[in-house]
Amino acid sequence: MRTFSTVEGLPVIEQASGIECGHVLDVLVDRGERISGFVIDKKGWLNHHLFLPISAVASFGYDGVMVENFKDVYRYDRKNHHAHPLKLGKRRLQGISLLTTEGEKVGLVEDVYFDEEVGTIVGYEVTDGLVADLVDGRKVVKTKGPLVVGKDRAIVSI
């Protein structure tokens, strides 16, 4: 199990050549159930972001995300992806209020826990604010079903 914060900023490297194509910028959450892939900040000036599908990831390491071949990495177009970015865009997930299907506020989404083998989301790290984090620590909310993301809040079954 891995969190997005441990992957964010890591270089994306092709195994066969050792070439780096950029760094992980964001994660895309598909219908609140799975990680569909990652947005890669491509190296160089005036370059467009790239999309790395989770299926193309060979392995996650502490120092890099390995892909077998860059042919599986392609230009990211926000209009053609129906997944929610964790950090980018208008409907970002990080910082949004998380409620249960019973109407109880759990906190604000800080991070996403996912199974790195298949990309299934297994939980969310939530915060109640800096003081509560210092006193009690952050909570991890394990999910039973998909996340519903609205304009102002997200709803999950726990």
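When a residue number appears, it is its place in the shown sequence, counting from 1.
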Trainee: Which atom pairs, donor and acceptor, lie under 3.5 Å between side-chain atoms of residues 51-63 and protein residues at least two apart or in another chain?
Mentor:
none

Trainee: Check whether any side-chain heavy atom of His23 sits under 4.5 Å from a side-chain heavy atom of Glu20, and report yes or no.
Mentor: yes
Trainee: Flag the pair Leu28 / Val39 as yes when at least one side-chain heavy-atom distance between them is below 4.5 Å, and no otherwise.
Mentor: yes
Trainee: Do the side chains of Leu50 and Cys21 get nearer than 4.5 Å, heavy atoms only?
Mentor: yes
Trainee: Within the structure provided, determine whether Tyr124 and Leu98 are in side-chain contact (heavy-atom separation under 4.5 Å).
Mentor: yes
Trainee: If only side-chain N and O atoms count, and only distance matters, is there a donor-acceptor pair under 3.5 Å linking Thr120 with Asp115?
Mentor: no
Trainee: Among all residues two or more places apart in sequence or in another chain, which pass the salt bridge (Lys or Arg N to Asp or Glu O under 4.0 Å) test with Arg2?
Mentor: Glu116
Trainee: Working to the nearest 0.5 angstrom, can you tell me the gap between Ile121 CD1 and Leu147 CG?
Mentor: 7.0 Å
Trainee: Look only at the side chain of Asp111 and the backbone of Ser5, and say whether a donor-acceptor pair between them is shorter than 3.5 Å.
Mentor: yes
Trainee: Spell out, as yes or no, whether a donor-acceptor pair under 3.5 Å connects the side chain of Asp41 to the backbone of Gly22.
Mentor: no
Trainee: Which of these, Leu99, Val109, Val148, sits in a side-chain contact (heavy atoms from CB on, under 4.5 Å) with Arg153?
Mentor: Leu99
Trainee: Do the side chains of Val12 and Val24 get nearer than 4.5 Å, heavy atoms only?
Mentor: yes
Trainee: Taking atom CD of Gln15 as the centre, does the number of heavy atoms from other residues, nucleotides or ligands within less than 6.0 Å exceed 12?
Mentor: yes
Trainee: Can you find a heavy atom in the side chain of Leu25 that is under 4.5 Å from one in the side chain of His49?
Mentor: yes
Trainee: Below 4.5 Å, heavy atoms only, C-beta onward: do Val112 and Thr3 meet side chain to side chain?
Mentor: no
Trainee: Other members of the hydrophobic cluster containing Ile13, with the 4.5 Å side-chain heavy-atom rule, please.
Mentor: Met66
Trainee: Is it true that Glu110 and Arg138 have a side-chain N and a carboxylate O under 4.0 angstrom from each other?
Mentor: yes
Trainee: So, Lys105 side chain and Ser97 main chain: donor-acceptor pair closer than 3.5 Å or not?
Mentor: no
Trainee: Going by distance alone, is a donor N or O of one side chain under 3.5 Å from an acceptor N or O of the other, for Ser17 and Glu14?
Mentor: yes
Trainee: Are any non-hydrogen side-chain atoms of Phe38 and Val73 less than 4.5 angstrom apart?
Mentor: no
Trainee: For Ile155 and Thr100: C-alpha separation, side-chain torsions, deciding distance, then whether side-chain contact (heavy atoms from CB on, under 4.5 Å) applies.
Mentor: CA-CA 5 Å; Ile155 301 169; Thr100 67; over 6 Å; no
Trainee: Could you walk me through whether Val7 and Val65 satisfy the side-chain contact (heavy atoms from CB on, under 4.5 Å) test, starting with their C-alpha distance in whole Å, then the side-chain angles of each, then the deciding distance to 0.1 Å, before giving a yes or no?
Mentor: CA-CA 8 Å; Val7 177; Val65 176; 4.0 Å; yes
Trainee: Are Leu108 and Tyr113 in one and the same hydrophobic cluster, where Ile, Leu, Val, Met, Phe, Trp and Tyr link if side-chain heavy atoms are under 4.5 Å apart?
Mentor: no
